Number of protein chains: 2
Amino acid sequence: MTTPIRLLLADDQALVRGALAALLSLEPDLTVVAEVSRGDEVVPEALRTHPDVALLDVEMPGLDGVAAAAALRAALPGCRVLVVTTFGRPGYLRRAMEAGANGFVVKDTPARQLADAVRRVHAGLRVVDPTLAAETLATGASPLTERETEVLRTARGGGTVAELAATLHLSEGTVRNHLSSAIGKTGARNRADAVRLAEANGWLLG
Amino acid sequence: MTTPIRLLLADDQALVRGALAALLSLEPDLTVVAEVSRGDEVVPEALRTHPDVALLDVEMPGLDGVAAAAALRAALPGCRVLVVTTFGRPGYLRRAMEAGANGFVVKDTPARQLADAVRRVHAGLRVVDPTLAAETLATGASPLTERETEVLRTARGGGTVAELAATLHLSEGTVRNHLSSAIGKTGARNRADAVRLAEANGWLLG
DNA sequence: GCTTACACCTGACAAATGTCACGGGCGAGA
DNA sequence: TCTCGCCCGTGACATTTGTCAGGTGTAAGC
């Protein structure tokens, strides 16, 4: 073993972040050099500490993990990215890979495998949960157009059509058309149902 | 120091569970004797391993952490319970305390404080996040009746009134009345909004 | 006994929602 | 060029939803 692999951890839950740091620090060839709680702190902290691998959560304030991954790849091309997330949503994996992530691990995986995943990513390999990969291929990309996802995303707050139209600067009829189309495409029966399904598939990311 | 404090960990996310085990094992006076991933495995495993303190997540398959806490207090009165959860929902804290939990910690708290929380709970003290405690007192208990919460819980799936009525064996009018009442009490404008608000307050637990 | 709260139902009503048919404009690709 | 898909809009329509005013029965409290 030469110098240890330098790690950056990004997770909004301090307890989980610290626990992951403890877990990874048990490995002699790994060392945690930075911890952040927000997505928009990833790049500045990485520029300061020059990690070899960054472990990013998807759900974070400021900037979601996928966007942070893209920004990090642009700022430090030599830094590998391993996305570690709670939800194994098919769309998340797809978006993360498109954003340049080198690996994707859900928090359901056994703790022992995390260090190996880090090492593989550092070695230039891709690490993907096989179950999730299959599901992603089965589910496919989002069938929703840009506008439809935007309307659905706004509809998450639970407002009337009039309010949606006002915040989106659209006509009420247009909003209804987009919603109807989204409902049809997702196979939902309701606006609320469509929001639920789209979110479960990871189709509502920024 | 005499014998170390024996811990049981319950969390459905294997990675988080393992990381917490690593974090707590760093403390010389703590030892993790059991790990489970489901709420309904807590009591059997506790009967087998006799932990001093059980760390329970709220969101778990099989049995939620609050119900598991109650069952554990009944089966092993000597075992202290520390609830560790992702969401700082006011209702969760209230329900957990009513179920006999000795402490309540959100996953936003710094990792260093967890071991102290465990020690305090083991010493017979109550550990509660002060911010969350204040919010709980401000929000108060659920204003919803049993039936209203049940209807809201069923409405989470996103079905029509007719379907809700069918699954609940009620008349459509009754369902609508319960929904309307719940919407009024929560200050929501929609059925979907009411579900969202009630869930955010932790009023939809089993 | 009386009151209060809850569960359950009915019927009716206005408002919101979801669907459809129909336009026009715009950019990408055959 | 022509077609196709997406975006945006209109108007109309049936359905669903949320609200209200009633009614019953039942259990708990004064």
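Note on naming: letters A, B, ... go to the chains in the order of the sequence lines (proteins, then strands), and numbering restarts at 1 for each one. All figures in this text were calculated on a predicted structure; none of them were measured in a lab.
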Check your understanding: Who pairs with B:Ala96 by side chain to side chain contact (heavy atoms under 4.5 Å, CB included), at least two apart in sequence or on another chain?
Key ->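 Partners of B:Ala96 under the side chain to side chain contact (heavy atoms under 4.5 Å, CB included) test: B:Val66, B:Val83, B:Ala101, B:Phe104.
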**Study point:** Non-neighbouring partners of A:Arg73 that pass side-chain hydrogen bond (donor to acceptor under 3.5 Å, both in side chains), sequence neighbours left out
**Key:**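 Result, side-chain hydrogen bond (donor to acceptor under 3.5 Å, both in side chains) vs A:Arg73: A:Asn102.
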Check your understanding: Does any pair with a residue in residues 33-51 of chain A pass side-chain hydrogen bond (donor to acceptor under 3.5 Å, both in side chains), and if so which ones, sequence neighbours excluded?
Key ->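 Non-adjacent pairs meeting side-chain hydrogen bond (donor to acceptor under 3.5 Å, both in side chains): A:Arg17-A:Glu35, A:Arg38-A:Asp40, A:Glu45-A:Arg48.
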Exercise for review: Pick base, sugar-phosphate or nothing for B:Thr174, based on heavy-atom distances below 4.0 Å to the nucleic acid.
Suggested key: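 It contacts base atoms.
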Practice item. Return the 5'-most residue of the pair B:Asn190, A:Glu146 with respect to DNA chain D, ranking by each residue's nearest nucleotide. Key: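 Residue closer to the 5' terminus by nearest nucleotide: A:Glu146.
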Practice item. Output every pair passing salt bridge (charged side-chain N to carboxylate O under 4.0 Å, His left out) with a member in residues 163-174 of chain A, not counting sequence neighbours, ordered by first then second residue. Key: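 Pairs touching residues 163-174 of chain A that pass the test: A:Glu163-B:Arg189.
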Just the atom pairs and distances: protein N or O near nucleotides 19-24 of chain C's N or O, under 3.5 Å.
| from | atom 1 | to | atom 2 | distance (Å) |
| --- | --- | --- | --- | --- |
| C:dT19 | OP2 | A:Ser180 | OG | 2.8 |
| C:dC20 | N4 | A:Asn177 | OD1 | 3.0 |

**Study point:** B:Arg196: side-chain hydrogen bond (donor to acceptor under 3.5 Å, both in side chains) partners, not counting sequence neighbours
**Key:**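 Result, side-chain hydrogen bond (donor to acceptor under 3.5 Å, both in side chains) vs B:Arg196: B:Asp193.
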Point to revise | Most 5' of B:His178 and A:Thr160 on DNA chain C, judged by nearest nucleotide | key: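 The residue whose closest nucleotide sits nearer the 5' end is B:His178.
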**Study point:** Axis deviation across the helix from C:dG1-D:dC30 to C:dA30-D:dT1, five-pair ends, to the nearest 10°
**Key:**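 Helix axis angle between the two ends: 30°.
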**Study point:** Residue met sooner reading DNA chain C from 5', once B:Leu170 and B:Pro143 are mapped to nucleotides
**Key:**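 In this pair, the answer is B:Pro143.
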Exercise for review: Please identify each residue that fulfils side-chain hydrogen bond (donor to acceptor under 3.5 Å, both in side chains) with A:Gln113, with sequence neighbours left out.
Suggested key: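 side-chain hydrogen bond (donor to acceptor under 3.5 Å, both in side chains) check on A:Gln113 returns nothing, list empty.
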Point to revise | d(CD, B:Glu150; C1', C:dA7) in whole Å | key: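 Atom-to-atom, B:Glu150 to C:dA7, this comes out as 11 Å.
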Check your understanding: Considering residues at least two apart in sequence or located in another chain, which fulfil the side-chain hydrogen bond (donor to acceptor under 3.5 Å, both in side chains) criterion with A:Ser181?
Key ->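 side-chain hydrogen bond (donor to acceptor under 3.5 Å, both in side chains) list for A:Ser181, sorted by chain: A:Glu148.
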Exercise for review: Starting at atom CD of A:Glu172, determine the distance to atom P of C:dA15, rounded to an integer number of angstrom.
Suggested key: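 That distance rounds to 14 Å.
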Point to revise | Partners passing salt bridge (charged side-chain N to carboxylate O under 4.0 Å, His left out) against B:Glu150 (at least two apart in sequence or in another chain) | key: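 Applying salt bridge (charged side-chain N to carboxylate O under 4.0 Å, His left out) to B:Glu150 gives B:Arg147.
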Exercise for review: Only counting residues at least two apart or in another chain, list the ones meeting side chain to side chain contact (heavy atoms under 4.5 Å, CB included) with A:Pro44.
Suggested key: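 A:Pro44: no side chain to side chain contact (heavy atoms under 4.5 Å, CB included) contacts found.
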Review point. Less than 4.5 Å apart, any side-chain heavy atom of A:Lys107 and any of A:Asp57?
Key: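 Yes; the side chains approach each other to less than 4.5 Å.
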Point to revise | Opening and closing nucleotides of DNA chain D in contact with chain A, under 4.0 Å to non-hydrogen atoms | key: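 So the contact region on DNA chain D extends D:dC6 to D:dA12.
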Review point. Are B:Arg95 and B:Asp64 ion-paired here, with the side-chain N under 4.0 Å from a carboxylate O?
Key: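 Judged by the 4.0 Å cut-off on N to carboxylate O distance, B:Arg95 and B:Asp64 do not form a salt bridge.
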Check your understanding: So, is B:Arg147 close to the C:dC8 phosphate, meaning a side-chain N or O under 4.0 Å from OP1 or OP2?
Key ->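 Indeed, a polar side-chain atom of B:Arg147 lies that close.
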Check your understanding: Quick one: A:Glu163 CD to C:dA15 C1', roughly how many Å, whole number?
Key ->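 After rounding, the gap between these two atoms is 14 Å.
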